[in-house]
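One structure is given here, and the rest of the page talks about it.
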Amino acid sequence: MQGKALPGFRDFYPEDLTLRNHLFATWRSVAGRYGFEEYDGPPLESLEMYTKKSGEEIVQQLYTFRDKGDREVALRPEMTPTLARMVAARVQALKKPIRWFSIPQLFRYERQQRGRLREHFQLNMDIIGEASPLADAELMAAAVDIMRALGLGPKDVQLRVSDRRVLKSLLMSRGVTEAQLATAFAVIDRSERVPKNVLEEMLRETGYGKPEAAAVFDVAGLRGKDALTAAGAAAEPLGEAVQALEAMGLGEFVAIDLTIVRGLAYYTGIVFELFDAQKTLRAIAGGGRYDGLLDLPALGFGMGDVVLGELLKERGVAPKASIELGAFLVAVGGEDMPTMLRLAHAMREKGIAVEYGLRHAGVRKQLELASARGAPRAVIIGPEERKAGLAVVRDLRAGTEAKVPIDKLLNGYFD
RNA sequence: GUGGCUGUAGCUCAAUUGGUUAGAGCGCCGGACUGUGGCUCCGGAGGUUGCGGGUUCAAUCCCCGUCAGCCACCCCA
């Protein structure tokens with residue numbers, strides 16, 4: 001063993017890169033049909049940018065160093081600060097709402113586990129300058145449509161939606177104070193994973209009394225439209241967004257679930273996560289509204305390549321081959337080589353993917369290579385047919401053969 | 001950062017209570033096979049048993065350390 005990539009970093013062998021390219025292509029395609037434009041920024045930023053805008057935890061997990069110009073720099077752990085800077089610089093000139101997407105490679109120094117590495121690629125889609133819940137619905141619809149474009153249905157993935165304003169209203173109407181909200185959010189976020197007595201202890205430490213603690217668990221248990229009804233006016237934006245998704249025909253994917261809180265402190269409104277419906281993997285995507293970060297209403301989501309790639313492999317919808325050959329050419333004898341090379345080049349000029357054996361071997365060997373390479377057909381050039389201006393086109397899947405004029409093949413036709 | 005489990009060929013796994021030259025299947029390379037692939041048969045390459053140390057006549061096996069992976073916690077791009 002010559003060593004391997006650093007822990008948490010990946011080598012992309014052809015089959016791995018095939019999958020990654022498939023994800024990127026799907027991301028670009030769906031983002032494009034939603035009218036989003038692609039942007040990018042530098043992978044290295046000033047450390048200060050993250051110490052100011054992100055929480056302490058994120059900073060501890062940063063890849064940082066001092067560059068030769070004595071600047072404190074960091075590999076980007078998230079795209080939002082970069083986006084915020086780019087938008088702020090041209091905010092006067094940009095027509096609102098801004099719909100942008102990006103596929104940055106992000107870095108974070110943390111202990112790796114399945115689905116969590118130290119580096120990943122993440123689709124970011126953001127809408128800036130629009131407060132309407134229709135914008136939230138738009139973003140969630142795009143996330144769902146990416147799943148559909150990848151071959152996943154409502155039985156595979158579910159979009160769980162919540163709204164911090166709804167949570168806040170429900171909690172405060174039950175006696176929880178504004179200062180206690182942060183703890184309540186943390187408890188609700190963990191309510192499905194952490195034992196109840198541990199959560200109760202968390203609440204007690206923050207000065208919760210019995211009735212307020214009960215209210216927190218009560219709220220955490222609310223699901224579906226009941227949650228909306230209970231929250232009254234505060235639930236209107238979430239209700240409107242969910243209705244929009246239903247009108248688009250995506251209702252089957254959507255579940256209102258108040259236990260979705262999201263870790264980042266800057267979310268202010270609707271938040272959502274896309275989950276593997278069997279819940280064996282981590283969240284596939286997550287996002288929400290962060291109106292306070294810029295001077296404009298804003299919302300966005302991120303979707304990483306790691307968990308999504310694992311899910312596609314698990315569900316058998318990952319692509320296999322990266323190249324799709326049109327034909328594999330076979331020269332029977334050495335004297336057939338010039339014809340084969342001429343034909344190969346002519347077909348490539350026509351845009352057909354063509355391969356042939358790079359050293360002369362028996363027909364058997366060449367055909368073996370042809371099927372190993374996944375070619376749908378072989379074009380066999382031998383002295384007999386060549387005298388008549390013909391070649392044998394063999395269908396490698398069906399095992400059938402036909403003689404075709406070489407002139408036709410030169411023009412890119414197999415029959 | 002904390003705790004637990006696991007490291008044998010490219011992959012999946014064997015190897016008697018610690019025992020002599022660490023095996024098999026798949027994959028890879030070559031041959032049977034000089035104008036027809038997938039099948040079959042034969043042969044070959046490929047290992048510092050993650051790494052380092054210790055115990056022992058003898059370690060893949062037991063002990064310690066370390067690195068890596070997995071799982072949980074923390075956290076959640």
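Every value quoted in this text rests on a predicted model; they were computed, and no experiment measured them.
Residue contacts shown for L6(A) are absent, as no nucleic acid heavy atom lies under 4.0 Å away. Within 4.0 Å (heavy atoms only), N124(A) reaches no atom of the nucleic acid at all. Residue I380(A) is classed as a base contact, given a heavy-atom separation below 4.0 Å to a base. When heavy atoms are screened at a 4.0 angstrom cut-off, R118(A) is found touching no nucleic acid atom at all. Within the nucleic acid shown, P383(A) comes within 4.0 Å of at least one base atom, counting heavy atoms only.
Side-chain N/O atoms of Q113(A) include one lying less than 4.0 angstrom from OP1 or OP2 on A72(B). One finds no side-chain N or O of K365(A) lying less than 4.0 angstrom from the OP1 or OP2 phosphate oxygen of U34(B). Considering only side-chain N and O atoms, R364(A) lies under 4.0 angstrom from the phosphate OP1 or OP2 of G37(B). For U2(B), neither phosphate oxygen OP1 nor OP2 lies less than 4.0 angstrom from any side-chain nitrogen or oxygen of R111(A).
Taking the six-membered ring where the residue is Trp, W100(A) and Y39(A) present tilted rings, their angle falling between 30° and 60°.
The distance from atom NE2 of H360(A) to atom C1' of G35(B) is 10 Å, rounded to the nearest whole Å. Rounded to whole angstrom, the span from the CG atom of D11(A) across to the C1' atom of G10(B) amounts to 14 Å. Distance H120(A) NE2 to A77(B) P: 8 Å, rounded to the nearest Å. If you take CZ of F185(A) and P of C76(B), they are 14 Å apart, rounded to a whole angstrom. One atom, CD of E110(A), and another, P of C74(B), lie 13 Å apart when rounded to the nearest Å. Per the geometry, CD belonging to E335(A) stands 11 Å off C1' belonging to G35(B), to the nearest Å. Between M202(A) atom CE and C75(B) atom C1' there is a gap of 13 Å when expressed in whole angstrom units. Between M303(A) atom CE and A77(B) atom C1' the separation is 14 Å, expressed in whole Å.
The base of U36(B) has none of its N or O atoms less than 3.5 Å from a complementary donor or acceptor on the side chain of Q366(A).
The L367(A) side chain lies nearest to G37(B) when the options are G37(B), C73(B), A77(B). Candidate nucleotides U36(B), A77(B), C71(B) were compared by shortest atom distance to the side chain of R114(A), and C71(B) ranks first. Here the nucleotide nearest the side chain of E78(A), chosen from G35(B), U36(B), A77(B), is A77(B).
Taking the C1' atom of each, U60(B) and A22(B) are spaced 8 Å apart, rounded to whole Å. Going from the C1' atom of C28(B) to that of G46(B) covers 9 Å, rounded to whole Å. Taking the C1' atom of each, A58(B) and U20(B) are spaced 9 Å apart, rounded to whole Å. A distance of about 13 Å separates the C1' atoms of U55(B) and C61(B), rounded to the whole Å. A distance of about 22 Å separates the C1' atoms of U48(B) and G44(B), rounded to the whole Å. Comparing the P positions of A68(B) and C62(B) gives an interatomic distance of 23 Å, to the nearest angstrom. Nucleotides U17(B) and A59(B) place their C1' atoms 14 Å apart, quoted to the nearest Å. One P atom belongs to A24(B), the other to C41(B), and the distance between them is 15 Å to the nearest Å.
Under the Watson-Crick or G-U wobble criterion, with both distances below 3.5 Å, C73(B) is paired with G1(B). Using Watson-Crick or G-U wobble geometry with both donor-acceptor distances under 3.5 Å, C62(B) finds its partner in G54(B). The partner of U48(B) cannot be assigned: no Watson-Crick or G-U wobble pair with both contacts below 3.5 Å exists in any strand. Base pairing annotation: A68(B) forms a Watson-Crick or G-U wobble pair with U6(B), both donor-acceptor distances under 3.5 Å. Partner assigned to G43(B) is C29(B), using Watson-Crick or G-U wobble distances below 3.5 angstrom. G23(B) and C13(B) make up a base pair, with Watson-Crick or G-U wobble contacts both under 3.5 Å.
In this structure, K168(A) pairs ionically with E178(A), as a charged nitrogen and a carboxylate oxygen lie closer than 4.0 Å. Using a 4.0 Å cut-off between charged nitrogen and carboxylate oxygen, K96(A) and E130(A) do not count as a salt-bridge pair. Of the charged side-chain nitrogens involved, at least one lies within less than 4.0 Å of a carboxylate oxygen, so that R76(A) and D40(A) count as a salt-bridged pair. Salt-bridge formation is detected for the pair D218(A)/R174(A): a Lys NZ or Arg NE/NH1/NH2 atom is positioned less than 4.0 Å from an Asp or Glu carboxylate oxygen. Looking at D305(A) and R20(A), no side-chain N of the basic residue comes within less than 4.0 Å of a carboxylate O on the acidic one, giving no salt bridge.
Mapping E385(A) and G8(A) onto RNA chain B by nearest heavy atom places E385(A) closer to the 5' end of the strand. Between G399(A) and Y109(A), the one whose closest nucleotide on RNA chain B sits nearer the 5' end is Y109(A).
The shortest distance between side-chain heavy atoms of E384(A) and V332(A) does not fall below 4.5 Å.
In this structure, the ring of Y34(A) has its center no less than 6.0 angstrom from the ring center of F101(A).
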